Amino acid sequence: MSLLLGLAGAVAGYRLGLPAGVLTGALAGMGLGKVAMGLPPVPAPPEANAVLQVMVGIMVGLRMSRGAIRSGVRSLAPAVLVSAAMIAVGVAAALVAARLTSLDPVTALFAAAPGGLTEIVVVSAAFGADGAAVAAVHLARLLTAIAGINLLLAYLNRKESGTRRSAPPLWSESRGDWRRLGLATAAGAAGGTAGLLISIPAGGVIGALAGSAAFRLLTENPVPVRQYGLGVQLLGGMVIGLGLSAEFFAELVSLAGAGAILISAQMLLWISMSLLLARLFGQDNLTAAFAAAPGGMGEVIATASSAGANTVVVAFIHLVRLSTIIVVVPALISLFPN
């Protein structure tokens, strides 16, 4: 039933031409439908997260070119800056939240770390944090970020045309396009599988990106990617929607004070870093906004692709952010006295 609700919402969001319509529709259909019917939260199966990682990597890899690689390399400095700022602001916000609310410092630090939801929750359990609280704040962060992205896209759509954007034709590619897409998918899936087996942060994304990018660079032929973006939006919306339930909102209410401090700090940093990336590093406003978004990586990259942002730069900065936070935050917490 939950999957049907998510699929129906995705179709409605796409047909209405909403910003990130497939993701938003799937999330709203599944999440709100579950709450209305009183269905319990269902954890996303690990396979779904693995597939999402691989699909994100393939989608970015298919956009690779020699020029895109050069732009990605030039993004190292802004990527390091974004990662360092997110860690510093996260630590400061966590200490404030722990001081002003009942949240313990370890839980607050993990809840404030804008890394991958699954990775952060799993690592936090090993440090004795309140896993339910960490998951609730991170899911609320993702929902807030998605809402912010939708508002941005809606504003840009109105500014550009003043009319509602209609859904473009979904299947317009030739047989040769689909053949190349199938081969690129196979190359990306092989690389993604290898990355997942290595068990490094975002290994599925990195491996799939390498595999599909290698195919793209060797063949030097364009490959259709729009359907991949819609597929990632659909899966991302459903994965997030599975975690929504009446119990989730009850947990969030109990964490209202701490959650407000942590998420507000991240949203303010998002705005600041977007402006900094645009003015200091010359990124266009749309790419800067997506690159500085505080997660989640799969959903942000999929939406950035459909919005016309520089997906390679966005993906590069998010990969550096995710990898850095997964390594640095647990190391910092391990220094705290028990």
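Nothing fancy with the numbering, it's 1 onward along the sequence. Just so we're clear, the structure is a prediction, and the values are computed from it rather than from any experiment.
In terms of heavy atoms, Phe290 sits closest to Val300 at O-CG1, 3.5 Å. Contact detail for Ala291 and Val314: the closest heavy-atom pair is N-CG2, 4.1 Å. Nearest heavy-atom pair, Phe127 versus Val106, reported as atom, atom and distance to 0.1 Å: O-CG1, 3.9 Å. Of all the heavy atoms in Ala93 and Ala265, the pair that sits closest is CB-CB, 3.8 Å. Annotation for Gly192 and Val54: closest pair CA-CG2, 4.0 Å, computed over non-hydrogen atoms. Closest non-hydrogen pair, Ala113 versus Val329, comes out as CB-CG2, 3.9 Å.
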Between Thr287 and Phe281, does a side chain to side chain contact (heavy atoms under 4.5 Å, CB included) hold up when you go through it step by step? CA-CA 11 Å; Thr287 298; Phe281 295 100; over 6 Å; no

Could you please spell out the steps behind the side chain to side chain contact (heavy atoms under 4.5 Å, CB included) verdict for Thr303 and Asn150? CA-CA 9 Å; Thr303 310; Asn150 273 280; over 6 Å; no

Would you check, one step at a time, whether the test side chain to side chain contact (heavy atoms under 4.5 Å, CB included) holds for Ile301 with Thr311? CA-CA 6 Å; Ile301 293 174; Thr311 313; 3.6 Å; yes

Working for side chain to side chain contact (heavy atoms under 4.5 Å, CB included), residues Val89 and Leu268: CA-CA 10 Å; Val89 171; Leu268 290 174; over 6 Å; no

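The CG atom of Leu76 lies 11.0 Å from the CG atom of Leu81; values are rounded to the nearest 0.5 Å. One finds the CD1 atom of Ile325 at 11.0 Å from the CG atom of Leu332 (value rounded to the nearest 0.5 Å). Rounded to the nearest 0.5 angstrom, Ile149 CD1 and Thr144 OG1 are separated by 11.0 Å. Note that CG of Leu275 is 13.5 Å distant from CD of Gln283, once rounded to the nearest 0.5 Å. Summarising the geometry, atom CH2 belonging to Trp270 is positioned 12.5 Å from atom CD1 belonging to Ile263; distances are rounded to the nearest 0.5 Å. Interatomic distance, Leu217 CG to Ser212 OG, rounded to the nearest 0.5 Å: 9.5 Å.
A single hydrophobic cluster is seen to contain both Leu319 and Val51, as judged by linkage of ILVMFWY side chains at heavy-atom distances under 4.5 Å, directly or through other members. In terms of hydrophobic clustering, with Ile, Leu, Val, Met, Phe, Trp and Tyr side chains grouped at heavy-atom distances under 4.5 Å, Val80 and Phe316 are assigned to a common cluster. In the hydrophobic cluster analysis, where Ile, Leu, Val, Met, Phe, Trp and Tyr join through side-chain heavy atoms closer than 4.5 angstrom, Met30 is grouped apart from Val11. Residues Leu322 and Ile198 fall within the same hydrophobic cluster, defined by Ile, Leu, Val, Met, Phe, Trp and Tyr side chains chained together at heavy-atom separations under 4.5 Å. Cluster annotation: Met86 and Leu280 are assigned to the same hydrophobic cluster (Ile/Leu/Val/Met/Phe/Trp/Tyr, side-chain heavy-atom contacts under 4.5 Å, transitive).
At a threshold of 4.5 Å between non-hydrogen side-chain atoms, the residues Val82 and His318 do not count as touching. No side-chain heavy atom of Leu103 sits less than 4.5 Å from a side-chain heavy atom of Val137. You'll find the side chain of Thr185 reaches within 4.5 Å of the side chain of Ile58, heavy atoms only.
Looking only at distances, a side-chain donor or acceptor of Thr107 sits under 3.5 Å from a matching main-chain atom of Asp130. A donor-acceptor pair under 3.5 Å is formed between the side chain of Arg141 and the backbone N or O of Pro294. Using modelled atom types, no side-chain atom of Gln266 and backbone atom of Gly90 make a donor-acceptor pair closer than 3.5 Å.
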